[in-house]
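Shown next, in structure tokens, is the structure this report addresses.
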Protein chains: 2
Amino acid sequence: MTVQTAPVADRPAGAAGESPEDLVARLARDGRAAQRVLARLTDAQKAEALRAVAGVLRAAEPAILEANARDVAAGEAKGLTGAMLDRLRLDPARLAGMAGAVEQVASLPDPVGEVIAESERPNGLKLSRVRIPIGLIGIIYESRPNVTADAAALCLRSGNAVLLRGGSEALHSNRAIAAAFAEGLESAGLPAAAIQLMPTQDRAAVGAMLTAVGLIDMIVPRGGKSLVARVQADARVPVLAHLDGICHTYIHAAADPEMARGVALNAKMRRTGICGAMETLLIDTQFPESASVVAGLLDAGCELRGDSRARSLDPRILPASDADWDTEYLDSVLSVAVVDGLDAALEHIAAHSSHHTDAIVTGDPAAAERFLNEVDSAIVMVNASSQFADGGEFGLGAEIGIATGRLHARGPVALEGLTTYKWLVRGSGQTRP
Amino acid sequence: MTVQTAPVADRPAGAAGESPEDLVARLARDGRAAQRVLARLTDAQKAEALRAVAGVLRAAEPAILEANARDVAAGEAKGLTGAMLDRLRLDPARLAGMAGAVEQVASLPDPVGEVIAESERPNGLKLSRVRIPIGLIGIIYESRPNVTADAAALCLRSGNAVLLRGGSEALHSNRAIAAAFAEGLESAGLPAAAIQLMPTQDRAAVGAMLTAVGLIDMIVPRGGKSLVARVQADARVPVLAHLDGICHTYIHAAADPEMARGVALNAKMRRTGICGAMETLLIDTQFPESASVVAGLLDAGCELRGDSRARSLDPRILPASDADWDTEYLDSVLSVAVVDGLDAALEHIAAHSSHHTDAIVTGDPAAAERFLNEVDSAIVMVNASSQFADGGEFGLGAEIGIATGRLHARGPVALEGLTTYKWLVRGSGQTRP
């Protein structure tokens, strides 16, 4: 089995003189037509198509790795950092992981067709609300080629078509992966246009995606803060995203000291670069083991920036500036404040949280419940590391992203968040009086 | 009990030199602070506050009717049409109806706190998703003062604060009604800022509401198409709305003729000005009683505009232009096409529906299920009049509006659509491996 990869040179945007808006409109029309086919598929048909895609991804290993090698070589020539090259690079193990992830998505329960609610009216009308796909999802992402496969698999599993726009660094890799999806879909008898990769790296085409109201139903940006900020600023299409993960952990007076040390260390240091990593530690003035919690973090190599009371706990703590309380470090850096009780902690969190994930450590059930009720974040935790903020850890099987907006879907978003619903009304000739 | 109505003259936007953006930000801050109080109330407390409001509305009848009389007199002097004056006018019966509607909302089940889903992970983490209020809702509406009470009651019942911006024609009426809400809330010990009326009619303040991302969580426009179109075009805040109700009824070959006549007549003529009124009738070429269906509509005084095959059914049918298939008449006018079977009907609907409500009349269960599955509208009906598209008729008790967007809430939206959710995670010290 061979995968036809695209020519090396950037393909033209389409017909000569086609504007970015016309290009996006054309791709969206094709994607929406393909989506109408997906919407009618059974659970088994969608799962089978994804397993076919996984098979093609495995069979196409030489072509995909060759395309990736070209991207990596170009990235090295361009002087990309080691971290960027690592995100870009595929190898046989990573490619096998990508195919396995597609099969894992195939094995997830299909949300489409679920009856959310049913009722019967006194006049005999039978009402139900059933889950349906959203339609056409736009994914805008950076240099990680596995996003191509992850996002396409989740969209297809939930009956959505997808228009992918990846970073130029990964162009050849993305084309090879998208070609494998197209081949797998066609082998399963499905329209290849259900997954489309933007054929140009023209930045104006991104702008056209963001404003394609009525053509693209939802945009999911996947990448760093500047990407998300640009998408949120410019989009007229609804966006599912989080900008910041300024996550707090509050150690309450009644926290178990051992648990507090373990949770704080894990929340910050397990992986410092993920959005669920703790960025601010709040320690109750009545908590008796404050010094050992901060010492544990300092000893693990974390830089601590504290208010004056926190600094009195350990001489190694640097002074925090006002900006520290609103900073997502994504690094081995943590701001620390000592607070006077639960109310002060809630107030600090209300003022500084990015409403992603905030946690309390406490042995007091009443304090835990107040924290759960009153913290207004997508995820609120008691006695657990904020690094659990993840679709896989929440049992969703995967995630398309984590959302901090207030509408539609919040926190880790997977298949259910890629669906909407419609009302079905079954009557027997009723007319309205 | 007296209600202090605002002075007659338009109040200044706030502190001297306060910009529309600063005004909206100040009102939003006050509203959000009040909302944090609402979010912690019990079901009973919210219901009691609404009953207190209803009592004040009744007691304030003289003040509210006097304020309304000033609006009506100004409207007459300005030359408002009879229909506009009728929408504006309050009388003792209408005011009693308004107070009764507030009590009706108080009696609806409170969606806040509902546990949507629960699970336990292998590591012992207990997850739940619980309904919470959205936050601060902005309502932008025209001259009907009862929207002030309806929208405020629904928002309060679901724990949301509301910022209301009504039309200038109803300014005094709206101020008197808002003052009654404030008095009722305060008598129940709640912050009056939970419901605020924009203190200026400056149009720039509407623009500031539409772009108040992070301050206003959702905008609901209530009014005619030009208002909704402006809000949808300019808003950066999420909007819950429908622009058009281009609703279809398709009479399938296997429709019961009597039912077809009754449903078509009701769908069009019961009330022609509502968004659920049928605007296009599709008749299957195999349906044997087409002539009597169109005769029933014509005899009832409806103007019919048909394609050539429809026109052959009755000489009174006028020719339809291309634009007719995409027109929401909101009047005693209907476009009629004869279609070749279910597929052709689905194709016409896919091309021309505004995705509000579409219906089939058929005695064939397989045709009914295909129609329900394949029509991509917020509401899809079988053997029922599209005029049932209404929150009250759906058993929701009330509605804040009907939405045709694809995310968050669709079709008739009431209390549940004014909520979102958060994830609660209860652990016992878990750290992520």
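Just so we're on the same page: letters track the sequence lines, and every chain starts at 1.
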Practice problem: Would you indicate whether the side-chain heavy atoms of A:Val425 and B:Phe394 approach each other to under 4.5 Å? | Solution: yes
Quiz item: B:Met381 versus chain A, heavy atoms under 4.5 Å apart: side chain, backbone, both or neither?
Solution: both
Practice problem: Side chain from CB out, backbone as N, CA, C, O: work out which of these in B:Pro365 comes under 4.5 Å of a heavy atom of chain A, or both, or neither. | Solution: neither
Exercise. Select one option (side chain, backbone, both, neither) describing which atoms of B:Asp256 are under 4.5 Å from chain A's heavy atoms.
Key: neither
Exercise. State, yes or no, whether a side-chain contact exists between A:Leu424 and B:Glu369 at a heavy-atom distance under 4.5 Å.
Key: no
Self-check item: B:Arg406, part contacting chain A, at a heavy-atom distance under 4.5 Å
Solution: both
Self-check item: 4.5 Å side-chain heavy-atom contact, B:Asn383 and A:Arg426
Solution: no
Quiz prompt | Proximity breakdown for B:Pro412 and chain A, heavy-atom pairs closer than 4.5 Å | solution = both
Exercise. Can you tell which part of B:Asp234 gets under 4.5 Å to a heavy atom of chain A, answering side chain, backbone, both or neither?
Key: backbone
Self-check item: From CG (B:Leu372) to NZ (A:Lys422), nearest 0.5 Å
Solution: 7.0 Å
Quiz item: Less than 4.5 Å apart, any side-chain heavy atom of B:Leu265 and any of A:Thr431?
Solution: no
Self-check item: Qualifying residue for side chain to side chain contact (heavy atoms under 4.5 Å, CB included) with B:Leu407, from A:Ile134, A:Leu240, A:Asp217, A:Leu407
Solution: A:Ile134
Quiz item: Does the side chain of A:Arg121 come within less than 4.5 Å of B:Glu393's, by heavy atoms?
Solution: no
Quiz item: Tell me, do B:Thr357 and A:Trp423 make a side-chain contact under 4.5 Å, heavy atoms counted?
Solution: no
Quiz item: Can A:Glu374 and B:Arg40 be counted as an ion pair, charged N to O under 4.0 angstrom?
Solution: yes
Quiz item: chain B: which of A:Pro122, A:Ala378, A:Ser385, A:Gly262 shares the most heavy-atom pairs with it under 4.5 Å?
Solution: A:Ala378
Practice problem: Against chain A, work out which of B:Arg410, B:Met259, B:Gln387 has the most heavy-atom pairs shorter than 4.5 Å and name it. | Solution: B:Arg410
Exercise. Check whether B:Val213 gets within reach of chain A through its side chain, its backbone, both or neither, counting any heavy atom under 4.5 Å.
Key: neither
Quiz prompt | Contact check, side chains of B:Asn266 and A:Arg432, non-hydrogen atoms, under 4.5 Å | solution = yes
Self-check item: Max heavy-atom pair count under 4.5 Å with chain A, selected residue of B:Ala350, B:Gly214, B:Ala409
Solution: B:Ala409
Practice problem: Tell me, for B:Thr419 versus chain A, whether the close heavy atoms (under 4.5 Å) come from the side chain, the backbone, both or neither. | Solution: neither
Exercise. Please flag which part of B:Ala264 lies under 4.5 Å from any non-hydrogen atom of chain A: side chain, backbone, both or neither.
Key: neither
Quiz item: Is chain A contacted by the side chain of B:Leu127, its backbone, both, or neither, given a heavy-atom distance below 4.5 Å?
Solution: side chain
Practice problem: Go through the atoms of B:Arg271 and report whether side chain, backbone, both or neither lie under 4.5 Å from a heavy atom of chain A. | Solution: neither
Exercise. Below 4.5 Å from any heavy atom of chain A, which atoms of B:Ala39 appear? Answer side chain, backbone, both or neither.
Key: neither
Practice problem: Counting only heavy atoms closer than 4.5 Å, note whether B:Val380 contacts chain A via side chain, backbone, both or neither. | Solution: both
Quiz item: Quick one: what part of B:Glu120 sits under 4.5 Å from any heavy atom of chain A, side chain, backbone, both or neither?
Solution: neither
